[in-house]
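These figures come from a predicted structure and were not determined experimentally. Each chain gets a letter, A, B and so on, in the order its sequence line appears, and its residues count up from 1. Both backbone and side-chain heavy atoms feed into the values below; hydrogens, waters and symmetry mates do not.
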Amino acid sequence: NMTSISEDSDKEKMRSVSVDLNNDASLVIDIPDALCERDKVKFTVHTKTTLSSFQKPEFSVPRQHEDFIWLHDTIVETEEYAGFIIPPAPPKPDFEGPREKMHKLGEGESSMTKEEYAKMKQELEAEYLAVFKKTVQVHEVFLQRLSSHPMFRKDRNFQIFLEYDQDLSVRRKNAKEMFGGFFKNMVKSADEVLISGVKEVDEFFEQEKNFLLDYSIKIKDATAKAEKMTRSHKNVADDYNHISGALNNTAADNNTAFKKHLEKCAEVFEKLRKVEDRMASDQELKLTELLRYYTRDIQAAKDLLYRRARALADYENSNKALDKARLKGKDVAQAEENQKQCLQKFDKLSESGKKELTSFKARRVVAFRKNLIEMTELEIKHAKNSVSLLQGSIEILKSN
Amino acid sequence: MRSTGSYAHQRCVACAQNISNQKLVQGILDSIPSPEAACLSAEDISPSSNGPRDDDPDDLFAEATEEVSLDSPERQPILSDGPSPAITPVTPVMISPRVDVFDRSPDQDEDEEENRDTFDIQISVSDPEKVGDGMNAYMVYKVTTKTSLSIFSRDEVCVKRRFSDFLGLYSKLASKYMHMGYIVPPAPEKSIVGMTKVKVGKEDLSSVEFVEKRRSALERYLLRTVKHPALLKDPDVLQFLESSELPRAVSTQALSGAGILRMVNKAADAVNKMTIKMNESDAWFEEKQQQFENLDVQLRKLHASVESLVCHRKELSVNTASFAKSAAMLGNSEDHTALSRALSQLAEVEEKIDQLHQDQSYADFYLISELLGDYVRLITAVKGVFDQRMKAWAKWQDAQVMLQRKREAEAKLQYANKPDKLQQATDEIREWEGKVQQGERDFEQISKNIRREVGRFEKDRVKDFRVVIIKYLESLVHTQQQLIKYWEAFLPEAKAIA
């Protein structure tokens, strides 16, 4: 089946996980459209630019999730960018939830009434759409992070990604062969040990290291707990749905006066379900997605620390090698050159790392603020809707 | 408002903090009793009790029928054709385990105005107390009756009763009235799991909740029982409510609502086996029976959905609490001061919200889920009463068959010239003519009673539902209003992040 979205006002609210993006008119990127074929999502990446490095001022290309991953990986593997926080790769589109529900729907079709089936189908479509919107958002933000970064926006592969009007699959295959996923395949558990083992002289990095190590654990936990909470919320909405159906069934058999009463009750529960569902979805988008995104971003920041720690280790090793060379009186010049380069690399990483981590904090704070405010405002809005819906219904039921 | 009750609630909230969240949910789920209960066997009932005697093990209701004659003066049912008396409540509605279904709502049926003065009775079940230790321990409840009715000796009386006393009362009422077509409200179900925890002395949340659930169920049971005009005047009911000493119900193992009803249904099966399908001359009965069959299915489905809601709402509460803790930890870890403070505030809001969800789940449970459960059991009682009518019909038919046989026998004896035997045969014919007449009267009486009972039941059902649904929606309004309050308080905190 095919689902697609197009420009709508909701989207503005959705692009809120990362902020301060797209405010530079020289390179504006968005994903205005996407198609879902079976489980493959085709994103339409749309670019508007005034930069001369591009062939046209405005253009669109179709891209798959794997293309985004390729772009992310090439950037990670690029030595020059070692001192930057690399925007986390968007997660794979996950339609498992709605797919499971569709399966259940198919199986239970015979045991449901026509109305129940139609209702469930509607819910299923809404859920599908929600997953869809989420995945579009997260892919879009990835590109916008790149376009708003002074170095990444100039990256050759980024330009190819945006502009190249052919299939990228050949390039993807070549890239795999070339790099062999060197950085990616490194044992991640070594990170923690290496980072914490660094003898830090720089107060800034010492603080950042302690902060990031602890925060990454806490935010991962908060994400998991937020997910569970949202899921429970959705279960409650589901129950309202079943109660509404059961009330309608009971109404069918009753005498006229009571029948109307029951039908009205069924209607109330149906409306409650809608509100509860919206509450849960909004909470997910604003809170859970926020936490998910920053869990990934914190990991990207940790990766930067890791690269710097490795550079420091290299520098310390080069010092030892130089001492050894001087002792032996052999290859001293070479060792001196090596040591100089290691130091340069380390210094460069430290300098850009400091800038990146500082702007990262600012970005994070702004994003949390925006999302927490939006979430709270939506919660209030939905609760107020609930109250007026309930009070209105109570009036009607009392007067019957 | 009973202070001990709400104190119990506060206590259980306090100790909830010490219990792991998983246990909390599981405990609540455990405490919902299964409908399984021991079967009533005829041998269990001693002849000295007021209940059925074990003359004829096959005909389980023979004893009851013989013992209670419809002409007996004290059994004269005081039935009004009007609506049932108003129930005046004891506790106002709260979103706590002390929620009452039967609330004083001044703008109910106008019909109630007439009856309000004549039928005025309040019953409360409170102060559960554990007596004894270990597996022999049991809970004792205080039953307080406040009334202006003259059939009671005092206008306020308190007695102590245990669970098996309630079961005993139900079994007596069922054996006296069910065969007449009265819908006798069933007593609450036994729960081996629930009670064992209480006996063993676990002072944890699930035991406290179980006891509260039972207390509430016992209260609803008594209120429903006295709501029935005939049962209200029954001496066993009066004795139960008033007398300080009650002879112990003979078999605590066997007596339970489900047990009685199973017995009734067994009788119905026996009836079905020995007769052909009853020629239903009255379409009303056929229609009604079908209606109750449908209602049974629908209510069970609705009940199941509500039970699912209770469960998920509790999970939501637990997960919200868990997230609150996690958000607090995140706030502590956050090195940006303003954001750190906001996250801590968020944690506090979520903690308040988790309590809100928990309270709402009590409302879900006590207002709707328990009520639906009561009605599912009541419908079984209604179906039982229809079966009683079939049995009465069968008895009448059997008498007719017997009469016919006696007539044929007499006719044969006419030609045999055996004057003694002929006389005996003639006597027997008279006897069976009497039985046929009685059978017909009984059948007509039970049919009449059932019509009245069903009418009353339907009215009550509709009224109960209307009252409860409004109460429930009001509880939802309360929750949402609290949510608005909490979030509006948090908003400036979020905006203060700089």
Pairs of heavy atoms under 4.5 Å with chain B: top-ranked of A:E379, A:M229, A:H382: A:M229
Which atom pairs, donor and acceptor, lie under 3.5 Å between side-chain atoms of residues 390-397 of chain A and protein residues at least two apart or in another chain?
from: A:S393; atom 1: OG; to: A:L389; atom 2: O; distance (Å): 2.9

Per-residue contact mode, B:L299 against chain A (heavy atom under 4.5 angstrom): neither
Which portion of A:K361 sits near chain B, non-hydrogen atoms under 4.5 angstrom: side chain
Heavy-atom proximity to chain A below 4.5 Å, by part of B:L309: both
Interface residue of largest heavy-atom contact number with chain B, from A:R231, A:R364, A:K381, under 4.5 Å: A:R364
Spacing of CG belonging to B:D282 relative to CD belonging to B:E287, to within rounding of 0.5 Å: 9.5 Å
Check against ring pair (Phe, Tyr, Trp, His ring centres under 6.0 Å), B:F457 and B:F292: CA-CA 11 Å; B:F457 176 82; B:F292 280 110; 5.8 Å; yes
Which of B:D335, B:L316, B:L483 touches chain A most, by non-hydrogen pairs under 4.5 Å: B:D335
Choice from A:N241, A:T376, A:I219 maximising heavy atom contacts with chain B below 4.5 Å: A:T376
Part of B:L491 lying under 4.5 Å from any heavy atom of chain A: both
Spacing of CG belonging to A:D282 relative to CD belonging to A:E284, to within rounding of 0.5 Å: 10.0 Å
Heavy-atom proximity to chain B below 4.5 Å, by part of A:L287: side chain
Between A:R308 and A:S350, a side-chain donor and acceptor under 3.5 Å: yes
Selection from A:M375, A:Q207, A:H233, A:E377 maximising heavy-atom pairs under 4.5 Å formed with chain B: A:H233
Contact winner vs chain A - B:L330, B:L339, B:L343, heavy-atom pairs under 4.5 Å: B:L330
Contact origin within A:I217 toward chain B - heavy atom pairs under 4.5 Å: neither
When A:N249, A:T230, A:I243, A:N210 are compared by non-hydrogen pairs under 4.5 Å with chain B, the top option: A:I243
Residue list, side chain to side chain contact (heavy atoms under 4.5 Å, CB included) with B:E493, at least two apart or on another chain: B:Q345, B:F490
From CA spacing to verdict: side chain to side chain donor-acceptor pair (under 3.5 Å), A:E276, A:Y240: CA-CA 9 Å; A:E276 204 67 38; A:Y240 282 156; 4.5 Å; no
Most chain A-contacting option - heavy-atom pairs closer than 4.5 Å, from B:A494, B:A327, B:A338: B:A494
B:R461 to B:Y375 six-membered ring, cation-pi geometry met (6.0 Å, 45°): no
Mutual orientation of the aromatic rings belonging to A:Y294 and A:F368 [parallel < 30°, tilted 30-60°, perpendicular > 60°]: tilted
Side chain proximity check, B:F465 to A:C265, heavy atoms < 4.5 angstrom: yes
Structural part of A:E208 lying under 4.5 Å from a heavy atom of chain B: side chain
